[in-house]
A.B. asks: 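Below is a structure I'd like to ask you about.
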Amino acid sequence: MINAFRFFTDAGGLMSHGATTFEIYTNAAEQVAQILNGARPSDLRLRQATRFELVINLKTAKALGFTNSPSLLERADEVIE
């Protein structure tokens with residue numbers, strides 16, 4: 001399985017590429033704070049993630065018979081072995 005959330009890769013998924021969990025929660029917390037301070041949700045600007053991470057699970061890749069190219073492994077932010 002390839003997905004956008006790192007926790008699936010930590011749990012045995014093949015790989016993930018998506019916004020960091022820290023950034024997702026930080027953006028959500030900032031918007032909640034704005035709403036609690038009186039901002040209307042419809043007036044909040046759309047926030048797009050700026051930090052992404054690629055995580056590859058080599059144990060799962062080996063079990064599935066996949067071989068990863070060295071250039072892909074070099075680009076990964078983290079490789080789970």
A.B. asks: Identify whether Leu14 and Phe52 are in the same connected component of the hydrophobic contact network (ILVMFWY, side-chain heavy atoms under 4.5 Å).
C.D. replies: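 In one cluster: no.
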A.B. asks: If we ignore hydrogens and angles and just use 3.5 Å, is the side chain of Thr60 paired with the main-chain N or O of Gly12 as donor and acceptor?
C.D. replies: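 Yes, the answer is positive, given that a donor and an acceptor are paired below the 3.5 Å cut-off.
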A.B. asks: How long is the straight-line distance from CD of Gln34 back to CZ of Arg45, given to the nearest 0.5 Å?
C.D. replies: 8.0 Å
A.B. asks: Please round to the nearest 0.5 Å and tell me the distance separating atom CG of Asn68 and atom NZ of Lys62.
C.D. replies: 13.0 Å
A.B. asks: Would you find more than 12 non-hydrogen atoms of other residues, nucleotides or ligands less than 6.0 Å from Arg47 atom CZ?
C.D. replies: yes
A.B. asks: Is there a path from Leu72 to Leu64 through hydrophobic residues (I, L, V, M, F, W, Y) whose side chains come within less than 4.5 Å of each other?
C.D. replies: yes
A.B. asks: If I compare all heavy atoms of Glu23 with all of Gln48, which pair ends up nearest, and what's the gap?
C.D. replies: OE2-O, 4.3 Å
A.B. asks: Which value, rounded to the nearest 0.5 Å, describes the distance between Leu36 atom CG and Gln31 atom CD?
C.D. replies: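 Result: 12.0 Å between the selected atoms.
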A.B. asks: I'd like to check the side-chain contact (heavy atoms from CB on, under 4.5 Å) partners of Glu81; sequence neighbours left out, ordered by chain and number.
C.D. replies: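 For Glu81 the side-chain contact (heavy atoms from CB on, under 4.5 Å) partners, ignoring immediate neighbours, are Leu58, Val79.
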A.B. asks: Which atom pair, heavy atoms only, marks the closest approach of Asp77 to Glu53?
C.D. replies: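 Closest pair (atom of Asp77, atom of Glu53, distance): OD2-CA, 2.8 Å.
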A.B. asks: What are the two closest heavy atoms between Phe5 and Ile24, and how far apart are they?
C.D. replies: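 So the two residues come closest at CE2-CD1, 4.4 Å.
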A.B. asks: Would Phe8 and Ile2 show up in the same hydrophobic cluster when neighbours are defined by side-chain heavy atoms closer than 4.5 Å?
C.D. replies: no
A.B. asks: Could you check Ile80, Asn57, Ile56 and say which one makes a side-chain contact (heavy atoms from CB on, under 4.5 Å) with Met15?
C.D. replies: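 Of the listed options, the one satisfying the test is Ile56.
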A.B. asks: State whether the side chain of Thr9 and the backbone N or O of Ser16 hold a donor-acceptor pair below 3.5 Å, judged by distance alone.
C.D. replies: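 Between the backbone of Ser16 and the side chain of Thr9 there is a qualifying donor-acceptor contact (under 3.5 Å).
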A.B. asks: Please give me the minimum heavy-atom distance between Leu44 and Ala39, naming the atom from each residue.
C.D. replies: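 Closest approach of Leu44 to Ala39: CD2-CB, 4.0 Å.
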